[in-house]
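All remarks here apply to the structure that follows.
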Amino acid sequence: MTDYAIDTHQLTRRFGQRETVKRIDLKVPKREIYGFLGPNGAGKTTTIRMLLGLIRASSGDIRILGKDLNKNRMEILKDVGSLVESPSYYAHLSGYKNLKIVTLMHGIPESRINEVLQWVRLEQAAHRPVKGYSLGMKQRLGIAMALITKPKLLILDEPTNGLDPSGIQEIRELITRLPRDFDITVLLSSHLLSEIEQVATYVGIINHGELIFQGPLQELTERSRPYVWMEIDRPMEAAAALNDNGWDAEPDAATGQLRTSVTGRKESAEMIRYLVGRRHDVYRVTEKKKTLEEIFLELTGQEQSL
Ligand SMILES: Nc1ncnc2c1ncn2[C@@H]1O[C@H](COP(=O)(O)OP(=O)(O)O)[C@@H](O)[C@H]1O
Ligand SMILES: [Mg+2]
């Protein structure tokens, strides 16, 4: 049995008649950075709230760090740090004092405060009131508050939402270092593919409450094998003729032109010669690589904000 930090079985949440999360089997292997990706409204926050015991599941099971969440909630949540939507802190107090409160609540030595402040690079601002922090600094304080208890699992819901590019970059660097520096598992949600692509090692894609892909990031990027796009007259007729002769070819969805997996020079030359022989004019031949956006569109079958 694989060792999962999060392991759900047929996890479902309904609001009234509407199913917001639909029988998902989330498998988050330990020490990975799991990117939980999906457009706005897909069900990411609802799922995360169930994982943290903030709302109940309508049906299904949740195991976190090897234990049933229903039966061991308090024990499990001691080992889980989280940042869901905006962090909760006392705005009139300094970052240091906010962290001090967390250490007092959890019986953590005060020396740990400077450790985490340094780690999220807030030493300079430590004694200023949080209300004067930038959004990025507030998010980093939120991460510090989540990390100070030395969790084994860290759950971050859209931690870069609303940040400017440099703020995004800082959070991204912090997250990337987490498994190495703290030996923990991270679940990170985002509606931006570019975000996930740059930090995650493992990916789950949720769309309309359904988990439509789950696997190593590599598996997703492998789907972006190169193909050849050809601009040609009578593309449908050309595709049919190529198929009849055992070539892989189909009209390209976006342009109506020809698309083929034939990418070798020799084979391409043969294919073009064949098409010209059938009196097709070949105007242009281009090698292309599917972007992750295109792969996502294929998976979801629709245009999304990713
Ligand atoms: N408390 C609630 N009551 C009713 N509907 C809700 C509630 N929370 C979330 N939803 C609905 O569930 C869907 C998914 O929301 P959410 O989990 O926040 O998506 P995401 O985080 O992926 O953007 C949305 O259509 C949202 O309106
Ligand atoms: Mg959300």
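Order of listing sets the numbers, starting from 1, for every ligand and every atom in it.
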- Got the closest protein heavy atom to atom 19 (O) of ligand 1, with its distance? Gly43 N, 3.2 Å

- Query: For atom 15 (O) of ligand 1, what is the nearest protein heavy atom, given as residue, atom name and distance?
  - Reply: Thr46 OG1, 3.8 Å

- Decide whether an N or O pair under 3.5 Å exists between Thr47 and ligand 1. no

- Query: Among the clusters formed by ILVMFWY side chains lying less than 4.5 Å apart, do Met271 and Tyr227 turn up in the same one?
  - Reply: no

- Query: Are Met236 and Trp229 linked, directly or through other ILVMFWY residues, by side chains that come within less than 4.5 angstrom of each other?
  - Reply: no

- Is Ile148 reachable from Tyr89 through a run of hydrophobic residues whose side-chain heavy atoms are each under 4.5 Å from the next? yes

- Query: How many protein N, O or S atoms sit closer than 2.8 Å to the Mg ion (ligand 2)?
  - Reply: 1

- Message: Quick check on contacts: which atoms of ligand 1 are under 4.0 angstrom from a heavy atom of Thr45?
- Response: 17 (O), 18 (O), 20 (P), 21 (O)

- Query: How close do Thr12 and Lys22 get, heavy atom to heavy atom, and via which atoms?
  - Reply: OG1-C, 4.2 Å

- Task: For Pro39, take its heavy atoms, then give the atoms of ligand 1 lying under 4.0 Å from any of them.
- Result: 22 (O)

- Query: Which ligand 1 atoms does Lys44 reach within 4.0 Å, using its non-hydrogen atoms?
  - Reply: 17 (O), 19 (O), 20 (P), 21 (O), 22 (O), 23 (O)

- Task: If the plane angle is over 60° it's perpendicular, under 30° parallel, otherwise tilted; pick one for Tyr34 and Phe36.
- Result: tilted

- side chain to side chain contact (heavy atoms under 4.5 Å, CB included) with Ala146: which residues, sequence neighbours excluded? Leu154

- Message: Any salt bridge linking Arg14 with Glu19? Criterion: basic side-chain nitrogen under 4.0 Å from a carboxylate oxygen.
- Response: yes

- Query: What is the nearest protein non-hydrogen atom to atom 13 (C) of ligand 1, stated with its residue, atom name and distance?
  - Reply: Thr20 CG2, 3.5 Å

- Nearest-0.5 Å distance, CD1 of residue Ile62 to CG of residue Leu11: 4.5 Å

- Residue, atom name and distance, where the atom is the protein heavy atom closest to atom 25 (O) of ligand 1: Arg18 NH2, 3.3 Å

- Looking only at protein heavy atoms, what sits closest to atom 1 (N) of ligand 1 is Phe15 CE2, 3.4 Å

- Looking at Asn40, which atoms of ligand 1 are within less than 4.0 Å of one of its heavy atoms? 23 (O)

- Trp119 ring centre to Arg177 NZ or CZ under 6.0 Å, with the angle to the axis within 45°? yes

- Query: Are any of the side-chain nitrogens in Glu170 or Arg121 under 4.0 Å away from the carboxylate oxygens of its partner?
  - Reply: no

- Item | Presence of salt bridge, Arg63 and Asp68, under 4.0 angstrom | no

- Query: Nearest protein heavy atom to atom 23 (O) of ligand 1, by residue and atom, and its distance?
  - Reply: Gly41 N, 2.7 Å

